[in-house]
There are 2 protein chains.
Amino acid sequence: MQHDQLSSTFAALADPTRRAILARLASGEASVTQLAEPFEMSMPAISKHLKVLERARLITRGREAQWRPCRLEAAPLKDIAEWIEHYRQFWEQSFDRLDDYLRKLKAKDKRHARKPRKN
Amino acid sequence: MQHDQLSSTFAALADPTRRAILARLASGEASVTQLAEPFEMSMPAISKHLKVLERARLITRGREAQWRPCRLEAAPLKDIAEWIEHYRQFWEQSFDRLDDYLRKLKAKDKRHARKPRKN
DNA sequence: TGTACATTTAACTCATCGGTTATGTAACCG
DNA sequence: CGGTTACATAACCGATGAGTTAAATGTACA
């Protein structure tokens, strides 16, 4: 993985288990055991995923007796949202072009309505 | 990395070189050599990065004589933007809480204005 | 045809990832 | 004290990632 913040955030998100953990944490703090419960995976595996999320600053961990409650820290997500926002205009115009294309196709179909095509 | 679309998109974005390539492509098609130019990296390395981006559907490639022009395909970015949008409310309320906190700190400062603190 | 250019593929190295089992640590509880 | 609960660390493994150099492919062009 890289050292820069954005890269480690993206890398942390590139795993369905970790995204599921984040989704779970979006509805409130949880202990490691609680987070592990939905997965068919050993605790150390979960522990490692949490460490990745922690190093990406996507979560923080407290201490309460023998539990280490995890909480979501959304700041890196905001950074990603901002990064991706630069491309919004681009993908919107892409879909506009697609619209145009489909509209033209449709018009063509109309003009050639008597000539049914294959497929 | 993973097989699911979202994971491979995130994984593809978890590399500064690849993000730079996308940024370059946002301003128009480019050949592999043109894309490689800003980097101190061998051509095969760039070729591999492009393959990653292609498999993540972030770019497509045409053929024009000996050139293989690359173009940005923003659809996966849109998917990510939608995924992350679910967390928007969360990080906004996080920052609200931060605001609250700072506001309270300020109020406290005011009340204790005659007692300057250390630091 | 031969050569130059653009790009990919092959083969390799080294580090990191995602998982495992086994062991360690720290706090609670009787 | 000893046992249980909650979690982390260590050591290992196979797969993948990111880079390299060297060689192959494909197209243009004299």
Side-chain angles (χ1 to χ4, degrees), chain A residues 1-25 28-72, chain B residues 1-22 24-25 28-72 76:
Chain A
M1 186 185 306
Q2 254 62 226
H3 352 29
D4 66 294
Q5 182 61 43
L6 214 46
S7 293
S8 50
T9 307
F10 275 125
L13 295 177
D15 182 291
T17 303
R18 288 194 291 261
R19 290 197 305 274
I21 289 176
L22 292 185
R24 165 69 183 78
L25 287 178
E29 288 193 5
S31 73
V32 178
T33 316
Q34 287 172 333
L35 289 174
E37 198 269 337
F39 305 101
E40 294 176 336
M41 211 178 287
S42 64
M43 286 291 297
I46 300 294
S47 211
K48 282 188 176 186
H49 281 305
L50 292 176
K51 184 167 282 186
V52 172
L53 291 171
E54 193 179 18
R55 303 210 67 217
R57 294 171 155 64
L58 281 161
I59 65 170
T60 51
R61 294 201 252 185
R63 294 168 191 252
E64 263 183 57
Q66 64 259 227
W67 296 277
R68 314 289 309 278
C70 300
R71 64 152 54 207
L72 181 57
Chain B
M1 184 156 305
Q2 257 57 232
H3 356 28
D4 67 296
Q5 181 62 42
L6 214 47
S7 293
S8 50
T9 307
F10 276 125
L13 295 177
D15 183 292
T17 303
R18 288 195 290 261
R19 290 198 304 275
I21 289 175
L22 292 185
R24 166 67 183 78
L25 287 178
E29 288 192 5
S31 74
V32 178
T33 317
Q34 287 171 333
L35 289 174
E37 198 269 336
F39 305 102
E40 292 176 337
M41 211 178 288
S42 64
M43 285 292 296
I46 300 293
S47 210
K48 284 187 174 186
H49 281 305
L50 292 176
K51 184 166 282 186
V52 172
L53 291 170
E54 193 178 19
R55 304 210 66 216
R57 294 171 155 66
L58 281 160
I59 65 170
T60 50
R61 295 201 254 185
R63 294 168 190 253
E64 263 185 57
Q66 63 259 225
W67 297 275
R68 314 288 313 276
C70 301
R71 65 152 56 204
L72 181 56

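Nothing here was measured: the structure is a model prediction, and the numbers come from that model.
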Residues that Ala56(B) engages under side chain to side chain contact (heavy atoms under 4.5 Å, CB included), provided they are two or more places apart:
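Expected list: Ala12(B), Leu58(B).
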Side chain to side chain contact (heavy atoms under 4.5 Å, CB included) partners of Pro38(B), counting only residues at least two apart
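None.
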Of all of residues 54-70 of chain B, which get a heavy atom below 4.0 angstrom from DNA chain C, listed by number?
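By residue number: Arg61(B), Gln66(B), Trp67(B), Arg68(B).
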Pairs under 3.5 angstrom only: tabulate donor-acceptor contacts from the side chains of residues 60-68 of chain B to other protein residues two or more places apart or in another chain.
unit_1	atom_1	unit_2	atom_2	d
Thr60(B)	OG1	Glu73(B)	OE2	3.0
Arg61(B)	NE	Glu54(B)	OE1	3.3
Arg61(B)	NH2	Glu54(B)	OE1	2.9
Arg68(B)	NE	Gly62(B)	O	3.1

For [X] and [N], give me the distance from atom [atom1] to atom [atom2], rounded to whole Å.
X: Leu50(A); N: dG18(C); atom1: CG; atom2: C1'; value: 14 Å
X: Ile46(A); N: dG19(C); atom1: CD1; atom2: P; value: 8 Å
X: Asp15(A); N: dT16(C); atom1: CG; atom2: C1'; value: 14 Å
X: His3(B); N: dA15(D); atom1: NE2; atom2: C1'; value: 12 Å

With rounding to the nearest 0.5 Å, note down the distance linking CG in Leu72(A) to CD1 in Ile21(A).
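If I round to the nearest 0.5 Å, the distance is 11.5 Å.
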So, taking the atom named CZ in Arg19(B) and the one named CG in Leu13(B), what distance separates them when rounded to the nearest 0.5 Å?
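So the gap between those two atoms works out to 7.5 Å.
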Residue Lys51(B), side-chain atoms from C-beta onward, closest of dA8(D), dT9(C), dT8(C):
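Selected nucleotide (nearest to the side chain): dT9(C).
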Of the non-hydrogen atoms in Ala14(B) and Ser7(A), which two are nearest, and what is the gap between them?
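Minimum heavy-atom separation between Ala14(B) and Ser7(A): CB-O, 3.6 Å.
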Testing the basics here: between Asp15(B) and Thr17(B), what is the closest heavy-atom pair and its distance to 0.1 Å?
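Closest approach of Asp15(B) to Thr17(B): OD1-N, 2.8 Å.
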Close N/O contacts between protein and nucleotides 20-23 of chain D (under 3.5 Å):
unit_1	atom_1	unit_2	atom_2	d
dT20(D)	OP2	Ser42(B)	N	3.0
dT20(D)	OP2	Ser42(B)	OG	2.5

Presence of His49(B) side-chain N/O under 4.0 Å of dG17(D) phosphate oxygens OP1/OP2:
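Answer is no, no contact under 4.0 Å.
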When all nucleic acid strands are considered with a 4.0 Å heavy-atom cut-off, which category describes Thr17(B): base, sugar-phosphate, or nothing?
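Touches nothing.
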Show me the side-chain donor-acceptor pairs of residues 42-53 of chain B shorter than 3.5 Å, one per line, residues at least two apart or across chains.
unit_1	atom_1	unit_2	atom_2	d
Ser42(B)	OG	Ala45(B)	N	3.4
His49(B)	ND1	Arg18(B)	NH1	3.1

